4 protein chains.
Amino acid sequence: MTDPDVRDAIMTATYEALCEHGYTDLTAQDIADRTDKSKSLLFYHYDSKEDLVADFVDYLVERFDEWIAETRDLTPSERLATFVDWFLYGSGDDDERQSFHTAMLEIRTQAPYNEQYRKELRKSDDRLREIAEEILRNGIETGEFTDHDPEETAALLIATLDGARIRQLTLAEDDYIGQVRSAMVARIFDDILAEDVSFPEGLLPDEIDIEGGVDGTSDLGPSSETRQPEDEHGSSEDGAE
Amino acid sequence: MTDPDVRDAIMTATYEALCEHGYTDLTAQDIADRTDKSKSLLFYHYDSKEDLVADFVDYLVERFDEWIAETRDLTPSERLATFVDWFLYGSGDDDERQSFHTAMLEIRTQAPYNEQYRKELRKSDDRLREIAEEILRNGIETGEFTDHDPEETAALLIATLDGARIRQLTLAEDDYIGQVRSAMVARIFDDILAEDVSFPEGLLPDEIDIEGGVDGTSDLGPSSETRQPEDEHGSSEDGAE
Amino acid sequence: MTDPDVRDAIMTATYEALCEHGYTDLTAQDIADRTDKSKSLLFYHYDSKEDLVADFVDYLVERFDEWIAETRDLTPSERLATFVDWFLYGSGDDDERQSFHTAMLEIRTQAPYNEQYRKELRKSDDRLREIAEEILRNGIETGEFTDHDPEETAALLIATLDGARIRQLTLAEDDYIGQVRSAMVARIFDDILAEDVSFPEGLLPDEIDIEGGVDGTSDLGPSSETRQPEDEHGSSEDGAE
Amino acid sequence: MTDPDVRDAIMTATYEALCEHGYTDLTAQDIADRTDKSKSLLFYHYDSKEDLVADFVDYLVERFDEWIAETRDLTPSERLATFVDWFLYGSGDDDERQSFHTAMLEIRTQAPYNEQYRKELRKSDDRLREIAEEILRNGIETGEFTDHDPEETAALLIATLDGARIRQLTLAEDDYIGQVRSAMVARIFDDILAEDVSFPEGLLPDEIDIEGGVDGTSDLGPSSETRQPEDEHGSSEDGAE
DNA sequence: GATGAATGAGGATTCATTCAT
DNA sequence: CATGAATGAATCCTCATTCAT
């Protein structure tokens with residue numbers, strides 16, 4: 001895979017196909033159809049469909065890292081709020097975001113059977129936990145958060161966020177995520193935040209630009225107030241599934 | 001499907017095939033092979049593979065209901081602990097349990113694409129939330145738990161438990177579940193439990209009997225020493241972060 | 001097959017199933033579904049599906065014979081007109097009749113591959129040709145028809161009628177049958193009928209009662225003006241496919 | 001389907017398979033077996049077996065058109081005779097021809113249930129009627145035929161020809177077609193032909209080349225002696241009636 | 001007689017992957 | 001690089017027929 005444009009094209013196509021069909025029903029043809037290239041070419045660039053998907057996960061981690069960089073300048077509690085909302089609500093329009101999470105979940109689902117996926121997914125998960133811990137640790141250092149075990153809390157936090165999202169995707173009809181978010185603030189953050197600090201609402205930085213990569217329009221400035229819709233697919237995030 | 005023995009045989013075979021192959025790679029042949037019947041018989045009893053799997057989900061709900069009944073006599077905090085541990089550690093031997101949850105997760109993953117599964121899964125989810133709420137409500141009534149919003153807390157609880165399990169299944173190498181459990185007790189239950197009540201450890205009743213359920217020989221034992229750390233990946237490799 | 005009631009029930013069910021599905025898609029289950037008996041019973045009464053269908057053709061011949069008897073008292077030219085219109089337009093409501101002819105045509109289509117069907121169908125065809133010849137011969141005797149070769153003319157007549165009907169069924173969008181009928185009168189009958197005889201219009205006797213047989217309500221009086229709809233299926237004819 | 005060679009190969013294989021098994025028992029494997037290609041390739045070129053068969057019907061229309069062009073130079077009565085004999089006796093050796101018409105009849109039989117077939121078959125039928133009308137119309141113009149309604153007569157003509165062939169195929173043991181042909185000449189053509197014109201015997205051009213059509217080597221020979229009585233069942237067993 | 005259960009032998013279709021050009 | 005053509009191995013599902021009861 002020498003040409004990054006080709007890779008981008010394939011990754012974008014994979015993203016779209018995954019959203020539409022889900023992993024279980026994803027065929028090489030589905031991906032090729034969203035490309036101006038042929039199906040055979042996929043096998044020229046990748047040894048197998050599995051390899052391609054594994055690279056796709058890796059690709060998402062890269063996008064996630066780019067997104068993380070954008071939040072560096074926020075205060076810990078702002079970062080925490082941003083992190084939570086990004087996780088629960090993601091970015092992009094609703095339908096696509098849901099589809100995408102669903103598809104990613106399917107890839108995760110294959111992890112126990114598939115070492116390659118497992119490896120890539122763990123990489124993305126490690127990144128996620130590191131960030132959460134870093135935020136908590138920073139907050140303790142700055143005094144915004146009470147003292148506690150950041151590693152354990154990060155584990156709890158992510159379990160809850162992930163569980164909430166998955167349940168919303170696979171089961172819920174009502175606003176399950178809203179319920180969980182509200183309970184999280186009341187039961188978990190209330191303890192964690194220092195006396196005089198309250199949990200900030202809705203601070204989402206720019207979306208992770210998944211598709212924009214191709215034409216290189218995504219600017220990864222660290223600013224947190226520039227949020228605009230950036231491409232027709234609403235792009236997505238979640239390098240950290 | 002008049003004969004319950006046949007249904008049980010098919011369900012058990014489905015359970016085993018699902019554990020071994022996962023949903024994505026589950027074939028009608030895999031199921032038939034674990035039966036002394038032919039593949040065609042599956043289609044005699046079910047109109048499609050999908051129908052069969054949907055019935056399997058329903059079958060699990062029935063088993064769950066039976067299990068729930070066994071915990072009716074415990075105190076709310078005991079029930080809560082039992083519920084948590086059942087959720088996190090399940091029953092059955094380790095490998096099988098993991099396999100099974102993995103397969104179930106795959107089925108859940110199909111829900112957004114498959115109305116039938118969605119319907120059955122929601123049924124099972126409703127049951128789960130009801131139970132959690134009931135436990136919390138009872139605890140508030142008896143004074144074991146502090147007063148709080150049981151519905152919201154139940155949502156939070158289940159999100160966390162589900163997330164923890166899913167992450168352990170799909171990503172974790174270390175004892176992720178143990179970490180989350182510990183954090184849950186510290187950050188959530190600590191608030192919920194009344195001053196003088198502490199969270200009971202490891203109250204697992206007998207396993208939900210999936211394979212031998214027909215003759216219902218499992219009797220509820222209140223013993224609290226049956227739990228052991230149980231992940232094969234080695235626990236508490238906290239340094240890994 | 002001792003019990004004629006059972007045979008009638010099966011034949012009626014076969015008739016209905018044939019109309020609905022056509023021969024190619026006719027399954028034993030389709031027939032059983034239109035019976036209050038089970039599919040297995042069909043194989044108790046017949047050695048194979050093929051046998052059953054062969055008997056069905058035979059059954060139709062019997063019905064056809066009954067119908068023929070009703071026209072005995074008409075004059076040759078009346079009988080000829082009746083014969084033509086019965087052949088072209090049949091009886092019963094339009095949709096059902098079409099369905100039935102289509103299905104019968106499918107059975108005929110199998111004749112080259114299936115000796116049993118061929119045998120039964122030839123029996124019915126012989127009957128048809130005999131009748132046509134008899135009508136022509138009688139007409140020559142009574143002087144209503146000019147002298148000609150009745151056998152050859154019968155062959156021509158039936159070829160045309162059969163072809164017209166088949167084409168209407170399988171191809172035509174317009175009133176193809178009407179066209180042919182009109183051309184037949186002008187080009188064939190005009191020659192055959194004696195100077196002072198004209199071709200009578202629309203003299204259809206009672207329908208052949210296919211379903212009524214069970215409860216035996218069909219009266220086979222020779223009157224030609226009693227035509228009434230007789231059963232819910234519009235019954236049909238065409239023992240003579 | 002860019003490569004006409006491959007299409008030809010598939011069409012030829014379909015033709016052969018159809019002759020041997022009939023439509024009802026035609027499987028994709030039967031077709032592939034008559035090809036040096038695999039069964040999957042059929043589905044690479046066609047979305048379904050049905051699509052393939054529909055294209056086969058279309059293919060026949062193309063062949064028919066080619067054949068028609070070859071008769072343009074004959075006089076109307078010669079063309080009429082050629083048309084009749086082509087219809088009744090077709091081309092190819094006896095067995096093959098019968099088999100082929102039988103299979104085509106089966107396909108026609110599916111028309112009421114299958115829109116695709118119906119559409120293709122109507123196209124072929126329209127062509128047939130046009131040709132017949134054209135011949136009649138030309139004859140009237142040249143004075144070879146008496147004045148009459150060409151459309152109606154064409155309808156009659158084709159009904160008779162089609163009926164005769166179908167009956168021969170599906171029912172007759174004797175030379176039914178010969179009988180009908182003879183009656184047709186006597187009862188229909190006798191009226192149509194002008195006083196001094198007689199119906200030419202056996203003007204069959206070369207066969208429609210189904211298998212070698214690609215290289216179009218068949219040249220129209222006006223020879224009139226190629227026709228022989230041709231049914232294997234023995235002709236003129238008139239006593240059988 | 002009658003039936004529910006059971007099955008073997010297909011048959012259409014799908015799809016990852018290969019390969020000649 | 002790129003592709004159209006090709007294929008083998010599966011997989012779901014159908015259905016006539018059998019059989020124990």
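Keep in mind that what you see is a predicted model, and the values were worked out from it rather than measured. Chain identifiers are assigned alphabetically (A, B, ...) following the order of the sequence lines, protein sequences preceding nucleic acid strands; residue numbering begins at 1 within each chain.
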Spacing of [X] atom [atom1] relative to [N] atom [atom2], expressed in whole Å:
{"X": "D/D25", "N": "F/dC15", "atom1": "CG", "atom2": "P", "value": "14 Å"}
{"X": "B/H21", "N": "F/dT11", "atom1": "NE2", "atom2": "C1'", "value": "14 Å"}
{"X": "C/D33", "N": "F/dA16", "atom1": "CG", "atom2": "P", "value": "12 Å"}
{"X": "C/D47", "N": "F/dT18", "atom1": "CG", "atom2": "P", "value": "8 Å"}
{"X": "D/D5", "N": "F/dA6", "atom1": "CG", "atom2": "C1'", "value": "16 Å"}
{"X": "B/E50", "N": "F/dT11", "atom1": "CD", "atom2": "P", "value": "18 Å"}
{"X": "D/Y46", "N": "F/dA6", "atom1": "OH", "atom2": "P", "value": "12 Å"}
{"X": "D/D3", "N": "F/dT3", "atom1": "CG", "atom2": "C1'", "value": "15 Å"}

Side chains of B/R118 and B/N114: does their closest heavy-atom pair fall under 4.5 Å?
no

Give me the distance, rounded to whole Å, that separates E/dG1 from F/dT21 when you measure between the P atoms they each carry.
22 Å

Result for 5'-nearest mapping on DNA chain E, choosing between D/T27 and A/S48, is D/T27

Which comes earlier along DNA chain E counting from the 5' end, the contact point of D/F43 or that of B/V6, where each point is its nearest nucleotide?
B/V6

Give the stems involving DNA chain E, where a stem is 3 or more consecutive Watson-Crick or G-U wobble pairs (i with j, i+1 with j-1, and so on) under 3.5 Å.
E:2-21 with F:2-21

Checking D/D55 against D/Y46: is there a side-chain donor and acceptor pair closer than 3.5 Å?
yes

On the nucleotide E/dA5, are OP1 or OP2 found under 4.0 Å from the side-chain N or O atoms that B/Y44 carries?
yes

Establish, with yes or no, whether the OP1 or OP2 oxygen of F/dA6 is under 4.0 angstrom from a side-chain nitrogen or oxygen of D/H45.
yes

Base, sugar-phosphate, or nothing: which does A/L52 touch, judged by heavy atoms less than 4.0 Å apart?
nothing

Across the strands shown, which category fits C/I31 at heavy-atom distances under 4.0 angstrom: base, sugar-phosphate, nothing?
nothing

Just to be sure I understand the geometry, which residues of residues 34-42 of chain B put a non-hydrogen atom under 4.0 Å away from DNA chain E?
B/D36, B/K37, B/S38, B/S40, B/L41

So, does [X] use its side chain to make a donor-acceptor pair with the main chain of [Y] at under 3.5 Å?
{"X": "D/K123", "Y": "D/V57", "result": "no"}
{"X": "B/Y59", "Y": "B/M11", "result": "no"}
{"X": "C/K119", "Y": "C/A54", "result": "no"}
{"X": "C/R34", "Y": "C/D30", "result": "yes"}
{"X": "B/E106", "Y": "B/Y23", "result": "yes"}
{"X": "A/K37", "Y": "A/I10", "result": "no"}

Can you tell me how far the CG atom of B/D25 sits from the CD atom of B/E20, to the nearest 0.5 Å?
11.5 Å

Would you call the rings of C/F56 and C/Y15 parallel, tilted or perpendicular, taking 30° and 60° as the class edges?
tilted

